[in-house]
Novice: 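Following this message is one structure expressed as structure tokens.
Since the structure is predicted, the reported quantities are computational estimates derived from the model, not experimental observations.
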Amino acid sequence: MSLNLLMLGPPGAGKGTQAERFARVKGIPKISTGDILREAVHTGTEIGLRAKAVMDRGELVGDDVMIGIVRERLERADAVGGFVLDGFPRTVAQAAALDGIMSSRGPLIVVDIVVPEAELVRRLGGRMICDECGTGGQIGSAVGAACANCGGSLVQRTDDNQAVVLERLKVYHRQSEPLVEYYRVRPTFRSIDGAQAPDRVAADLAAAIEAAGSVAVRPGAKG
Ligand code: AP5
Ligand code: MG
């Protein structure tokens with residue numbers, strides 16, 4: 001059975017960090033809508049040009065655009081055997097569209113990463129990413145330091161300044177947190193403590209997925 005994993009959590013919860021790691025171990029694609037949009041901004045596509053201002057304000061790009069991007073991405077051959085979705089869905093409308101896309105593809109396992117707000121603000125204030133490949137650097141790395149992955153320069157994400165971080169958290173509470181209630185009623189929903197060291201979070205994530213996956217394969221279970 002394919003492993004279709006969806007990571008929920010506020011900005012800075014560690015969705016990208018854990019999704020990357022888990023997808024690599026399992027050999028399935030990590031599909032991060034934030035990364036897809038940043039790549040579109042970097043290459044200057046029409047979607048990227050329109051999305052940049054919205055992202056820099058900490059708001060959400062429109063549902064229709066995001067659903068179209070994800071629908072197309074999930075149809076590619078490498079996602080047929082499973083995937084990790086990071087940053088999608090972010091609204092109830094996106095979640096309903098994903099249910100439609102997944103109706104003939106087996107259950108979703110949904111993991112919500114929980115982290116206190118002060119820790120989210122601390123993490124995002126210190127995060128650096130590579131301006132070429134988007135890889136994250138160590139928290140506290142100097143601006144301009146070399147990326148360990150490709151040698152590009154580390155920069156602060158344009159939406160990681162303090163004012164925009166606070167706006168992103170507000171947008172999360174208003175538009176994305178309702179998804180926790182949307183999915184909580186499903187037997188394949190799990191919640192994990194994301195305030196631990198990354199290795200501990202990864203171990204809890206793997207255990208949560210294992211437990212949710214065994215529920216999902218029981219006859220009659222709906223993910
Ligand atoms: P997106 O890129 O998805 O940003 P986000 O949800 O705000 O989440 P982040 O990437 O900031 O955090 P994360 O949870 O991935 O944490 P990370 O692993 O990096 O979206 C950006 C924008 O794109 C949105 O604001 C919106 O405009 C648009 N967008 C994207 N998807 C959309 C959608 N579906 N609909 C509409 N608009 C959309 O970790 C954070 C930091 O903490 C890192 O430095 C990391 O090294 C560190 N860290 C991670 N885990 C730990 C740990 N356990 N302990 C200590 N440090 C840790
Ligand atoms: Mg991320």
Novice: Okay, side chain of Ser176, backbone of Thr91: is any donor-acceptor separation there less than 3.5 Å?
Specialist: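 Here the side-chain-to-backbone pair does not exist.
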
Novice: Before accepting this row, confirm whether a basic side-chain N of the pair Asp99/Arg186 lies closer than 4.0 Å to the acidic partner's carboxylate O.
Specialist: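 Arg186 and Asp99: salt-bridged.
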
Novice: Check the surroundings of atom CZ in Arg200: do more than 12 heavy atoms from other residues, nucleotides or ligands lie under 6.0 Å from it?
Specialist: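 Atom CZ in Arg200 is not packed in, count stays at 12 or less.
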
Novice: If you measure only the distance, is there a donor-acceptor pair under 3.5 Å linking the side chains of Asp204 and Gln196?
Specialist: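 On atom types as modelled, these side chains qualify, holding a pair under 3.5 Å.
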
Novice: Once side-chain hydrogen bond (donor to acceptor under 3.5 Å, both in side chains) is applied, what residue pairs with a partner in residues 5-23 remain, sequence neighbours excluded?
Specialist: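 Listed once each, the pairs are Arg21-Asp199.
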
Novice: Do you know which two heavy atoms are closest between Pro29 and Ala23, and how far apart they sit?
Specialist: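 Nearest pair, atom of Pro29 first, then Ala23: C-CB, 4.1 Å.
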
Novice: Linking I/L/V/M/F/W/Y whenever any side-chain heavy atoms sit under 4.5 Å apart, do Tyr172 and Phe189 land together?
Specialist: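 Shared cluster, yes.
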
Novice: Would you say the side-chain atoms of Arg190 pair up with the backbone N or O of Val111, donor to acceptor, closer than 3.5 Å?
Specialist: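 Checking the backbone N and O of Val111 against the side chain of Arg190, no donor-acceptor pair under 3.5 Å is found.
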
Novice: State plainly whether the residues Asp159 and Arg168 are in salt-bridge range, i.e. N to O under 4.0 Å.
Specialist: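 Judged by the 4.0 Å cut-off on N to carboxylate O distance, Asp159 and Arg168 do form a salt bridge.
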
Novice: Would you call Lys30 and Asp35 a salt bridge, taking side-chain N to carboxylate O under 4.0 Å as the test?
Specialist: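 Asp35 and Lys30: salt-bridged.
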
Novice: Of all the heavy-atom pairs spanning Asn4 and Gly106, show the shortest one and how long it is.
Specialist: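 Smallest interatomic distance, heavy atoms only, reads ND2-O, 3.9 Å.
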
Novice: Report whether Leu5 and Tyr183 are members of the same hydrophobic cluster (ILVMFWY, side-chain heavy atoms less than 4.5 Å apart, transitive linking).
Specialist: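 No, Leu5 does not connect to Tyr183 through the hydrophobic network.
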
Novice: Do you reckon Leu108 sits in the same ILVMFWY cluster as Leu179, going by side-chain contacts under 4.5 Å, direct or chained?
Specialist: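 Result: yes, single cluster for both.
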
Novice: Can you see which heavy atom on Tyr182 is nearest to which on Ala95, and at what distance?
Specialist: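 Where Tyr182 meets Ala95 most closely, the heavy atoms are CE2-CB, 3.6 Å.
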
Novice: Does a sphere of radius 6.0 Å around CG in Asp78 hold more than 12 heavy atoms from other residues, nucleotides or ligands, not counting ones at 6.0 Å or beyond?
Specialist: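 Count over threshold, so yes.
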
Novice: Sequence neighbours left out, what pairs pass side-chain hydrogen bond (donor to acceptor under 3.5 Å, both in side chains) with at least one residue falling in residues 144-155?
Specialist: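 The answer is Thr135-Asn149.
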
Novice: State, to 0.1 Å, how close Leu60 and Val171 come at their nearest heavy-atom pair, and which atoms those are.
Specialist: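 Answer, listing the atom of Leu60 first, then Val171: CG-CG1, 3.7 Å.
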
Novice: What's the shortest heavy-atom distance between Ala13 and Leu120, and which atoms?
Specialist: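 Minimum heavy-atom separation between Ala13 and Leu120: N-CD2, 3.6 Å.
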
Novice: Would you check if the side chain of Asp86 reaches a backbone N or O of Met7 as a donor-acceptor pair within less than 3.5 Å?
Specialist: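 Such a contact is absent between Asp86 side chain and Met7 backbone.
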
Novice: Report, as yes or no, whether the 6.0 Å neighbourhood of atom CD on Glu72 holds more than 12 heavy atoms from other residues, nucleotides or ligands.
Specialist: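 Atom CD in Glu72 is packed in, count exceeds 12.
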
Novice: Is Gln162 atom CD crowded by more than 12 heavy atoms from other residues, nucleotides or ligands, each under 6.0 Å away?
Specialist: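 No, the 6.0 Å shell around CD holds no more than 12 heavy atoms from other groups.
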
Novice: Is it true that Glu75 and Arg71 make a salt bridge, defined as a side-chain N closer than 4.0 Å to a carboxylate O?
Specialist: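 Answer for the salt bridge query: no.
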
